[in-house]
Amino acid sequence: MATKRVYRTDPYAIENEAVVTAIREKNGMDVIACDTSVFYPEGGGQPSDTGSVTLNGTEQVFAVTRAFDESLVGDVWHTTDAPAGTFNIGDSITLCIDRDLRFRNMQRHCGEHMLSGTMDTLFGGVNKGFHMGDEYITIDIDLGGRMLTDEELDLAERTVNEAIWADLPVIVTWFDDYESSLALPVRKQVPHDGKVSVVTVGDPEDPYDCIACCGTHPARSSEVGLLAIYKREPNKGMNRIYFDCGKAAFDKLSADSRMLADAVRRYSCSPADLAGRLDAEAESISALKARLAGMTAYIKDAEKEKILAAAGSAGAAGYVYSSDVLNADDLLKLGFSVINEVSGLFLIMRQPESHTCLLLSSSEERKCGTIVKDNVKKFSGKGGGRDDNARAIFPSTADMDAFIKEISSQN
């Protein structure tokens, strides 16, 4: 006989007594089915409950990390952290769910129904996808390729919250088959074999929302608390909306509010002026980057002349050039501009701040990639490259200098 699912008749129940009816093993742990279960198995976009299972008559309590089923009329399976062989068929157990997680999922799932229904009522949008993640919920609303405006998102958010605060009833009605369920004005018809549960928010005669669903929901819309839309972005021609409900939304909005307060304190401005201050700072940073690029180009030109003047007498050991001003990437560009003008040159470029050594060669005898590969590990470094250039990075300047001394001696 299939598991009796307590959540279908009482979504507020948090524990129940049960008897183990079947056992599986996965990864060395027991996976059990019971005659009765308070656990909601993942499905319909809603994650499963988590919680614990106690072996009655003992002090053994194990975690239930996941609940799942293989059909809506079959057993509910509970993945435990109990070593294989812990449970036996016929064992008396107590199942207990994480109440906070269950209520959070009830808030979020009901809020998703109300937002999807609002998108349908206000704009004719069809929900084509739903995912309840750890940090937010997403729905994909299809408007035939049209993207929602900011004003429309604000209207939808305000409309949903007004319905939440109206304390509407949330009613779950079971029907023996899909055809019977059409007696209610369901928003989206999804043919389904077997019994069908329909969740109605508001008066069944004129509901705020009405759709088939197997998830858990609160008894009143006010228990959703609030709904906050975070952002909207295009996704395959649809509107992907990021949002959350209840305590999860409250916690994020509170964190965002504190972050905003900290930002306006740092910039000594009001929240309304913050965007302007950030724009002004971005312009200032852009101007500084342009000046830095000009100064870097000037330095590279000046240093190139110095290197060209001295590199001719470098010999087989190579010419070592060091800079604390130019970063490794600018040094590499400088090095290429030098070896392109001097044939047979082996150039070693040293960047002390990042402990980075660059090798560049226009000499067929000195192959940079091979030199790094053969020597870098002796000095706790890592790197690689091609014949004409290579890069090596070390944990300290001393290691880098020891590497340079070693390769300079390899004539």
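Predicted model only: the values in this text are computed from it and were never measured.
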Colleague: For residues 326-334, dump all side-chain donor-acceptor pairs below 3.5 Å to protein atoms at least two apart in sequence or in another chain.
Modeller:
from, atom 1, to, atom 2, distance (Å)
N327, OD1, D329, N, 3.1
N327, OD1, D330, N, 2.8
D329, OD1, R391, NH2, 3.1

Colleague: Without placing hydrogens or testing angles, list every side-chain donor-acceptor pair under 3.5 Å for residues 394-403, not counting sequence neighbours.
Modeller:
from, atom 1, to, atom 2, distance (Å)
S396, OG, D399, N, 3.1
S396, OG, D399, OD2, 2.8
T397, OG1, P352, O, 3.4
T397, OG1, H355, ND1, 3.2
D401, OD1, R350, NE, 2.6
D401, OD1, R350, NH2, 3.4
D401, OD2, R350, NH2, 3.1

Colleague: May I have all residue pairs that pass salt bridge (charged side-chain N to carboxylate O under 4.0 Å, His left out) and include part of residues 105-120, sequence neighbours excluded?
Modeller: R108-D244
Colleague: Rounded to the nearest 0.5 Å, what separation is found between the CH2 atom of W174 and the OG atom of S181?
Modeller: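 Going from the CH2 atom of W174 to the OG atom of S181 covers 11.5 Å.
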Colleague: Under the side chain to side chain contact (heavy atoms under 4.5 Å, CB included) test against V372, which residue among N375, D374, V376 passes?
Modeller: V376
Colleague: Is there side-chain contact between R8 and L72, with heavy atoms separated by less than 4.5 Å?
Modeller: yes
Colleague: I need the single residue from Y230, Y242, F243 that forms a ring-ring contact (aromatic ring centres under 6.0 Å, His included) with Y136. Which is it?
Modeller: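 Result for ring-ring contact (aromatic ring centres under 6.0 Å, His included) with Y136: Y242.
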Colleague: Counting only heavy atoms not in N27 (residues, nucleotides, ligands), do more than 12 fall under 6.0 Å from its CG?
Modeller: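 No, the 6.0 Å shell around CG holds no more than 12 heavy atoms from other groups.
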Colleague: List in chain and number order the residues that pass side chain to side chain contact (heavy atoms under 4.5 Å, CB included) with T50, two or more places apart in sequence or in another chain; answer none if no residue qualifies.
Modeller: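 So T50 forms a side chain to side chain contact (heavy atoms under 4.5 Å, CB included) with D98, L101.
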Colleague: Mind checking whether L308 and V342 have side chains closer than 4.5 Å, heavy atoms only?
Modeller: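 A side-chain contact exists here, since the closest heavy-atom pair is under 4.5 Å.
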Colleague: May I ask you to check whether over 12 heavy atoms, not counting those of K188, lie within 6.0 Å of atom NZ?
Modeller: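 Yes, the 6.0 Å shell around NZ holds more than 12 heavy atoms from other groups.
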Colleague: Please collect all salt bridge (charged side-chain N to carboxylate O under 4.0 Å, His left out) contacts where either partner lies in residues 80-91, sequence neighbours excluded, each pair once.
Modeller: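 Those involving residues 80-91 do not exist here.
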Colleague: State, yes or no, whether a side-chain contact exists between C245 and M114 at a heavy-atom distance under 4.5 Å.
Modeller: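 Of all side-chain heavy-atom pairs linking M114 with C245, none is under 4.5 Å.
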Colleague: To the nearest 0.5 Å, what is the distance between CE (M238) and CE (M147)?
Modeller: 8.5 Å
Colleague: Do F103 and E223 make a side-chain contact, defined as non-hydrogen atoms from C-beta onward lying under 4.5 Å apart?
Modeller: yes
Colleague: Checking V38 against I14 for the side chain to side chain contact (heavy atoms under 4.5 Å, CB included) test, could you report, in this order, the C-alpha distance in whole Å, the side-chain angles of both residues, the deciding distance, and whether it holds?
Modeller: CA-CA 6 Å; V38 73; I14 62 172; 5.6 Å; no
Colleague: Keeping the roles fixed (side chain from S48, backbone from A67), state whether a donor-acceptor pair exists under 3.5 Å.
Modeller: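 Confirmed, S48 side chain pairs with A67 backbone.
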Colleague: Taking K252 first and then D256, would you say they form a salt bridge - that is, a charged N and a carboxylate O separated by under 4.0 Å?
Modeller: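 Here K252 pairs with D256 in a salt bridge, since their nearest N and O are under 4.0 Å apart.
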Colleague: Please determine if R158 and D154 form a salt bridge, counting it only when a charged side-chain N lies under 4.0 Å from a carboxylate O.
Modeller: no
Colleague: Are side-chain heavy atoms of S354 and I393 found at a separation under 4.5 Å?
Modeller: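 Not touching, per the 4.5 Å side-chain cut-off.
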Colleague: Show the nearest heavy-atom pair for residues I141 and G125, with the distance to one decimal.
Modeller: CG2-CA, 3.7 Å
Colleague: Under 3.5 Å, side-chain donor or acceptor atoms of residues 276-285 against the rest of the protein: list the pairs with distances, not counting sequence neighbours.
Modeller:
from, atom 1, to, atom 2, distance (Å)
R277, NH1, Y267, O, 2.4
E281, OE1, Y267, OH, 3.2
E281, OE2, Y267, OH, 2.9

Colleague: So, for F123 and L143, which heavy atoms are closest and what is the spacing to 0.1 Å?
Modeller: O-CD2, 3.4 Å
Colleague: Around atom NZ of K300, are there more than 12 heavy atoms of other residues, nucleotides or ligands at under 6.0 Å?
Modeller: yes
Colleague: Could you note down all residue pairs passing salt bridge (charged side-chain N to carboxylate O under 4.0 Å, His left out) where residues 9-35 supplies at least one of them, sequence neighbours left out?
Modeller: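 Residue pairs with at least one partner in residues 9-35: R24-E70.
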Colleague: Atom NZ in K231, atom CD1 in I241: separation rounded to 0.5 Å?
Modeller: 12.5 Å
Colleague: Please name the residue in the list L347, L359, I371 that meets the side chain to side chain contact (heavy atoms under 4.5 Å, CB included) test with R366.
Modeller: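 Testing R366 for a side chain to side chain contact (heavy atoms under 4.5 Å, CB included) against L347, L359, I371 leaves exactly one candidate, I371.
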Colleague: Name the one of R102, R5, R99 that satisfies salt bridge (Lys or Arg N to Asp or Glu O under 4.0 Å) with D49?
Modeller: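 Result: among R102, R5, R99, R102 is the only option passing the salt bridge (Lys or Arg N to Asp or Glu O under 4.0 Å) with D49.
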Colleague: Assess, by modelled atom type and distance only, whether the side chains of D387 and S361 contain a donor and an acceptor separated by less than 3.5 Å.
Modeller: no
Colleague: Tell me the closest heavy-atom pair linking C368 and F346, and the distance in Å.
Modeller: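 Here C368 and F346 meet closest at SG-CE1, 4.4 Å.
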Colleague: To check you understand the geometry: which heavy-atom pair defines the closest contact between S221 and V201, and what is its length?
Modeller: CB-CG1, 4.5 Å
Colleague: Quick one: which residue pairs count as a salt bridge (charged side-chain N to carboxylate O under 4.0 Å, His left out) with a foot in residues 135-148, not counting sequence neighbours?
Modeller: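 Those involving residues 135-148 are K128-D142, D140-R240, R146-E152.
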Colleague: Quick one: pull up CZ in F250 and CG in L226 and give me the separation to the nearest 0.5 Å.
Modeller: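 It comes to 8.5 Å.
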Colleague: I'd like to check L182 versus F175 (side-chain heavy atoms, cut-off strictly below 4.5 Å). Are they in contact?
Modeller: no
Colleague: Under the side chain to side chain contact (heavy atoms under 4.5 Å, CB included) rule, collect the residues that match up with M295, sequence neighbours excluded.
Modeller: none
Colleague: Please test D251 against K247 for salt bridge (charged side-chain N to carboxylate O under 4.0 Å, His left out), starting from the C-alpha separation and ending with a verdict.
Modeller: CA-CA 6 Å; D251 289 343; K247 184 177 183 298; 2.8 Å; yes
Colleague: Closer than 3.5 angstrom, by distance alone: can the side chain of S197 be matched with the main-chain N or O of C213 as a donor-acceptor pair?
Modeller: yes
Colleague: If you round to the nearest 0.5 Å, how far is CG of D324 from CD of Q351?
Modeller: 6.5 Å
Colleague: Measuring only between side-chain heavy atoms, which start at C-beta, is F87 closer than 4.5 Å to V53?
Modeller: yes
Colleague: For V61, give me all partners under side chain to side chain contact (heavy atoms under 4.5 Å, CB included), at least two apart in sequence or on another chain.
Modeller: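 So V61 forms a side chain to side chain contact (heavy atoms under 4.5 Å, CB included) with S52, T54.
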Colleague: Kindly check if the number of other-residue, nucleotide or ligand heavy atoms within 6.0 Å of CD (E353) is above 12?
Modeller: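 Not buried by this count: 12 neighbours or fewer within 6.0 Å.
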Colleague: If you measure from CG on N161 to CG on L115, what distance do you get to the nearest 0.5 Å?
Modeller: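 The CG atom of L115 is 9.5 Å from CG of N161, to the nearest 0.5 Å.
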Colleague: Angle between ring planes, H109 versus F130, binned at 30° and 60°: parallel, tilted or perpendicular?
Modeller: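 If you compare the ring of H109 with that of F130, the planes turn out tilted.
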Colleague: With no hydrogens and no angle check, is any side-chain donor or acceptor of S257 less than 3.5 Å from a backbone partner on L253?
Modeller: no
Colleague: Do the side chains of V170 and V199 get nearer than 4.5 Å, heavy atoms only?
Modeller: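 Answer yes - side chains close enough.
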Colleague: Can you see which heavy atom on V198 is nearest to which on C210, and at what distance?
Modeller: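 Closest pair (atom of V198, atom of C210, distance): CG1-SG, 3.5 Å.
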Colleague: Looking only at heavy atoms, which two atoms of N16 and T36 are closest? And how far apart?
Modeller: ND2-O, 3.1 Å
Colleague: Please list all pairs meeting side-chain hydrogen bond (donor to acceptor under 3.5 Å, both in side chains) that have one or both residues in residues 337-347, counting only residues at least two apart or in different chains.
Modeller: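 Listed once each, the pairs are K304-E341.
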Colleague: Could you list the residues that satisfy side chain to side chain contact (heavy atoms under 4.5 Å, CB included) with S37, not counting sequence neighbours?
Modeller: T3, F39, V76, H78, L95
